[in-house]
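Quick notes on the structure that follows.
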There are 2 protein chains.
Amino acid sequence: MKISELATKSQINAKTIRYYEQVGLLSAPQRASNGYRHYQPGDVDTLIFIRRCRELNIPLDDIKRLVEVQADPNASCAVVDKIIAEQLAQVQRAQRELALLEQSLQTLASCSGEQVDQCTILHKLKAP
Amino acid sequence: MKISELATKSQINAKTIRYYEQVGLLSAPQRASNGYRHYQPGDVDTLIFIRRCRELNIPLDDIKRLVEVQADPNASCAVVDKIIAEQLAQVQRAQRELALLEQSLQTLASCSGEQVDQCTILHKLKAP
DNA sequence: TATTGACCTTCCAGTCGCTGTAACCTTTAG
DNA sequence: CTAAAGGTTACAGCGACTGGAAGGTCAATA
């Protein structure tokens with residue numbers, strides 16, 4: 001199939017698919033005589049897998065390793081475990097940071113329409 | 001004062017200060033005869049203000065508007081209000097997304113050391 | 001047959017907020 | 001005199017795309 005069909009089936013932008021090939025996440029497909037990329041049905045599965053990983057915010061480098069590990073049936077899945085655990089830890093870290101951020105923003109409250117020299121938000125931003 | 005003194009006092013990297021000038025967040029300072037940037041004491045306050053905003057994850061473009069608004073005492077602080085409210089909304093949105101992400105990652109659980117063809121994580125990633 | 005329009009190709013630039021590096025000049029201390 | 005520390009510019013890279021330009025290819029229609 002051509003790239004747009006793969007894009008539709010995998011729900012990944014054709015441009016992004018080319019990008020994945022460029023950075024080595026996706027292996028280069030065969031080319032037709034006109035230079036068009038020609039993909040196999042299995043590529044749909046690979047891309048859907050990649051998309052699910054991206055939805056979990058897993059970095060492309062890690063996804064690359066996950067794809068490689070799948071190609072080697074003798075590999076230990078400790079690698080997989082580690083990547084997911086680290087991703088989880090990172091998400092939890094980000095959550096804690098955002099919670100603090102939210103608190104700080106909320107203490108600024110709103111100052112509803114006065115002039116800037118009396119703006120309570122700006123006041124607090126200058127000397128918190 | 002020279003840039004490194006400003007950097008120390010404002011707790012912002014000298015490189016970052018030059019970058020802020022480059023993108024128009026900070027106005028260009030006077031130059032000494034040797035070409036060195038020469039800053040006024042007030043610049044410390046401006047940069048501290050900028051740093052506080054950045055700690056709240058406020059984008060540079062928005063900070064730019066906050067700085068401009070402060071220079072104009074007749075401006076309404078509705079602008080300020082809006083920027084902070086949007087920032088808060090965005091942080092809350094990000095938090096909700098991360099919470100979903102965390103859930104998804106946790107359902108993957110760990111598969112502790114089997115071989116990849118039986119890896120429960122990879123299984124779930126292929127068909128969630 | 002000519003041409004339109006959809007699709008494909010490559011390459012380059014931009015996003016955001018810095019940070020690293022290189023190459024060079026000036027000042028200060030020993 | 002020399003070396004270290006600090007200043008200057010310009011350019012590249014990060015991550016994960018996305019947009020655009022400029023051009024080749026293909027199928028259908030006037």
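All values below come from the heavy atoms of this structure, side chains included, with hydrogens, waters and symmetry mates left out. In this text, all values refer to a predicted model and were calculated from it rather than measured experimentally. Chain naming here is simple, since letters A, B, ... match the order of the sequence lines and numbering starts at 1 in each.
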Separation of atom CG in B:Leu26 from atom P in C:dG17, rounded to whole Å | 15 Å
Could you go step by step and tell me if B:Glu68 and B:Lys64 meet the salt bridge (Lys or Arg N to Asp or Glu O under 4.0 Å) rule?
-> CA-CA 6 Å; B:Glu68 283 164 8; B:Lys64 206 163 170 176; 5.9 Å; no
How many Å lie between CG on A:Leu47 and P on D:dC17, as a whole number?
-> 11 Å
When rounded to the nearest 0.5 angstrom, what is the spacing between NZ in B:Lys126 and CG in A:Asp45?
-> 9.0 Å
Is the phosphate of C:dC18, meaning OP1 or OP2, less than 4.0 Å from a side-chain N or O of B:Tyr20?
-> yes
Nearest 0.5 Å please: distance from the CG atom of A:Asp62 over to the CG atom of A:Leu25.
-> 11.0 Å
Whole-Å gap separating P (C:dC18) and CD (B:Glu21) = 15 Å
Rounded to the Å, how far apart are B:Asp61 CG and C:dG17 C1'?
-> 11 Å
Calculate the interatomic distance between A:Arg31 atom CZ and D:dG24 atom P; express it in whole Å.
-> 17 Å
Working for salt bridge (Lys or Arg N to Asp or Glu O under 4.0 Å), residues A:Glu5 and A:Lys9 = CA-CA 6 Å; A:Glu5 191 181 339; A:Lys9 285 187 174 161; 2.8 Å; yes
Nearest to side-chain heavy atoms of A:Lys15, which nucleotide of C:dC18, C:dT19, D:dG20 | D:dG20
Nearest whole angstrom, please: distance from the P of D:dG19 to the OH of A:Tyr19.
-> 15 Å
OP1, OP2 of D:dC17 versus side-chain N and O of A:Asn13: anything below 4.0 Å?
-> no
Can you check whether B:Arg54 has a side-chain N or O nearer than 4.0 Å to OP1 or OP2 of C:dC16?
-> no
Determine the contact category for A:Arg18: base if any of its heavy atoms lies under 4.0 Å from a base atom, sugar-phosphate if only primed atoms, P, OP1 or OP2 are that close, otherwise nothing.
-> base
Taken to the nearest whole Å, CD1/B:Ile12 to P/C:dT19 is 10 Å
In terms of the nearest nucleotide of DNA chain C, which residue is placed more toward the 5' end: B:Asn57 or B:Asn34?
-> B:Asn57
How many angstroms lie between CE in A:Met1 and CG in A:Asp43, if you round to the nearest 0.5 Å?
-> 7.0 Å
In terms of side-chain heavy atoms of B:Arg37, which of D:dC17, D:dT8, C:dC18 is nearest?
-> D:dT8
To the nearest Å, give me how far apart CD1 (A:Ile50) and C1' (D:dG15) are.
-> 16 Å
Is B:Tyr36 reachable from B:Leu47 through a run of I, L, V, M, F, W or Y residues, each pair having side-chain heavy atoms under 4.5 Å apart?
-> no
Would you give a per-nucleotide map of nucleotides 1-6 of chain D, 5' to 3', where B means the base has a protein non-hydrogen atom under 4.0 Å away, S means only the sugar-phosphate does, and - means neither?
-> -----B
Establish, with yes or no, whether the OP1 or OP2 oxygen of C:dT19 is under 4.0 angstrom from a side-chain nitrogen or oxygen of B:Thr16.
-> yes
Taking atom NZ of B:Lys124 as the centre, does the number of heavy atoms from other residues, nucleotides or ligands within less than 6.0 Å exceed 12?
-> yes
